[in-house]
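Worksheet: one structure, shown below.
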Amino acid sequence: MKTLNPLEPNPRLRYDYDRGSGYENEIRLTEALSALVPTDLLIHPDHRLFQVVHLITEYAWAGIHHTLCDAVAALDDGDLVETGRLLRRATELGAVPVSCLRLLVDFLPQSSFLKMRELFPDNSTGLDSPGVRGIRKAAHALWESFESALSAHGMRVADLGPAAEPGWRGETGQALLADVGLALHRFDSRTTEWRQVHLAMVWQLLGGRPLAEEHAEGRGRPTSMRGRPLSDLERLAVRPLFPKLWLDSTARYRAFTDAGGSTGEARGAESAGCPMGGRARIGVQAA
């Protein structure tokens with residue numbers, strides 16, 4: 001048996017594990033808990049929170065990566081129903097890293113982070129996360145399989161919109177591919193949510209938010225553990241996994257408005273900033 005906090009004098013407060021149970025052996029809990037810094041070696045009262053949040057996040061990334069690999073296999077096998085199910089699973093798993101970030105936003109004071117940061121080894125940067133890198137690589141493979149599936153059904157990315165509309169009377173496979181396209185959008189949105197929350201957390205803990213007073217005065221902005229500017233992180237925060245999907249959304253919007261759609265140029269001034277009508281239209285309704 002092992003104890004996470006062996007120096008705790010009260011036996012009721014000791015965290016014991018590695019008791020040889022089937023549960024611990026099956027999920028390899030002993031190995032997982034052994035990754036935690038022993039209580040007597042923690043460098044700060046918030047160190048445990050910081051490490052647990054990052055470990056949970058990396059476990060979630062590993063689960064998402066595994067799910068994306070299964071989705072690629074399903075796409076290559078032509079099983080579009082299974083592909084959609086797996087992408088929905090990946091999106092829901094993606095809520096875990098977002099929740100972990102919000103824990104740090106809500107419960108990690110800036111002073112605690114800065115004190116721990118001083119004690120961390122150089123280059124201890126989240127940019128080296130194997131999970132984030134692995135998911136981006138898997139997303140490239142997933143997109144290649146998706147484009148191959150589109151080609152096999154005689155479709156292009158631009159055909160996904162019509163096939164997703166109610167009343168579609170084309171091939172069922174095309175409608176299922178449209179559903180997969182929507183699932184890819186949702187997954188990409190989830191990872192974008194994580195990057196945006198992560199960036200906000202960095203601004204909160206390090207400072208350097210653009211247009212803030214210190215930056216406006218011309219003082220240097222904070223840097224990462226690697227010494228890189230925060231602008232690197234800001235660029236990554238808006239970098240999509242599937243750029244062609246987002247380009248297609250813009251292209252369809254422009255085609256719709258060019259054809260005189262309900263949000264066309266004639267109403268563009270009053271609808272600016274809101275695809276459902278904007279402030280001017282809401283004001284007319286309220287009147």
Side-chain angles (χ1 to χ4, degrees), residues 36-37 42-62 64-65 91 93-137 139-140 185-243 245-247 249-250 272-274:
L36 293 174
V37 177
L42 293 172
I43 62 175
H44 189 277
D46 288 324
H47 190 188
R48 174 73 77 224
L49 170 68
F50 188 83
Q51 189 192 21
V52 165
V53 163
H54 281 80
L55 285 174
I56 292 173
T57 297
E58 290 298 335
Y59 270 116
W61 291 141
I64 293 168
H65 182 271
T91 300
L93 277 171
V96 175
V98 175
S99 296
C100 285
L101 280 177
R102 295 194 188 282
L103 280 172
L104 294 182
V105 169
D106 292 341
F107 298 107
L108 182 64
Q110 183 184 25
S111 58
S112 294
F113 173 73
L114 292 177
K115 290 175 182 177
M116 287 191 292
R117 191 174 190 255
E118 283 295 307
L119 299 174
F120 290 152
D122 293 338
N123 290 331
S124 300
T125 170
L127 293 175
D128 289 330
S129 163
V132 172
R133 290 172 178 265
I135 285 173
R136 182 162 291 280
K137 290 192 298 181
H140 288 308
H185 253 305
R186 295 186 188 106
F187 176 69
D188 206 346
S189 294
R190 179 74 82 195
T191 60
T192 299
E193 179 187 4
W194 179 83
R195 290 192 298 272
Q196 294 285 337
V197 175
H198 181 263
L199 178 59
M201 182 194 70
V202 170
W203 283 335
Q204 175 178 315
L205 296 178
L206 287 183
R209 181 161 186 159
L211 303 183
E213 182 178 356
E214 181 181 20
H215 181 45
E217 292 174 355
R219 299 177 62 180
R221 299 179 69 193
T223 59
S224 72
M225 292 287 286
R226 192 182 288 163
R228 297 294 303 167
L230 291 186
S231 56
D232 287 359
L233 195 61
E234 290 159 358
R235 284 193 296 271
L236 290 174
V238 294
R239 181 182 174 189
L241 294 176
F242 311 115
L245 274 181
W246 301 99
L247 289 172
S249 294
T250 303
C274 177

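Residues take their numbers from the sequence shown, with the count starting at 1. Everything numeric in this text was worked out from a predicted model, so none of it was measured.
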Does the side chain of Arg239 come within less than 4.5 Å of Leu236's, by heavy atoms? yes

Can you see which heavy atom on Val238 is nearest to which on Gln196, and at what distance? CG1-NE2, 3.6 Å

If every non-hydrogen atom of His47 is compared with every non-hydrogen atom of Val37, which pair is closest and at what distance? CE1-CG2, 4.1 Å

Angle class for the Phe242/Phe187 ring planes (parallel below 30°, perpendicular above 60°, tilted otherwise)? tilted

Where the side chain of Ser129 meets the backbone of Gly126, is there a donor-acceptor pair that is under 3.5 Å apart? no

Taking only residues at least two apart or on different chains, which pairs with a member in residues 48-60 satisfy salt bridge (Lys or Arg N to Asp or Glu O under 4.0 Å)? none

All ring-ring contact (aromatic ring centres under 6.0 Å, His included) counterparts of Trp203, not counting sequence neighbours: none

Ser249 to His185 - nearest heavy-atom pair and separation: OG-NE2, 3.4 Å

Can you pull the side-chain hydrogen bond (donor to acceptor under 3.5 Å, both in side chains) pairs that have at least one residue in residues 108-118, sequence neighbours excluded? Asp46-Ser112

Interatomic distance, Ile135 atom CD1 to Lys137 atom NZ [nearest 0.5 angstrom]: 11.5 Å

Check Thr191 against Leu241 and note the closest heavy-atom contact, atom names and distance. OG1-CD1, 3.6 Å

side-chain contact (heavy atoms from CB on, under 4.5 Å) against Val53, all qualifying residues, sequence neighbours excluded: Leu49, Thr57, Cys100, Leu103, Leu104

Run the side chain to side chain contact (heavy atoms under 4.5 Å, CB included) test on Leu206 and Leu114 for me, step by step, so that the C-alpha distance in whole Å, both residues' side-chain angles and the decisive distance to 0.1 Å come before the verdict. CA-CA 8 Å; Leu206 287 183; Leu114 292 177; 4.1 Å; yes

Give me each pair satisfying salt bridge (Lys or Arg N to Asp or Glu O under 4.0 Å) with a member in residues 186-200, each pair once, sequence neighbours excluded. Glu92-Arg190, Arg102-Glu193, Arg190-Glu193

Heavy atoms only: give me the nearest Leu93-Ile64 pair and the separation to one decimal. CB-CG1, 3.5 Å

Taking all heavy atoms of Leu199 and all of Ala237, pick out the closest pair and write down the distance. CD2-CB, 3.8 Å

Residues which pass ring-ring contact (aromatic ring centres under 6.0 Å, His included) with His54, listed by chain and number, not counting sequence neighbours: Phe50

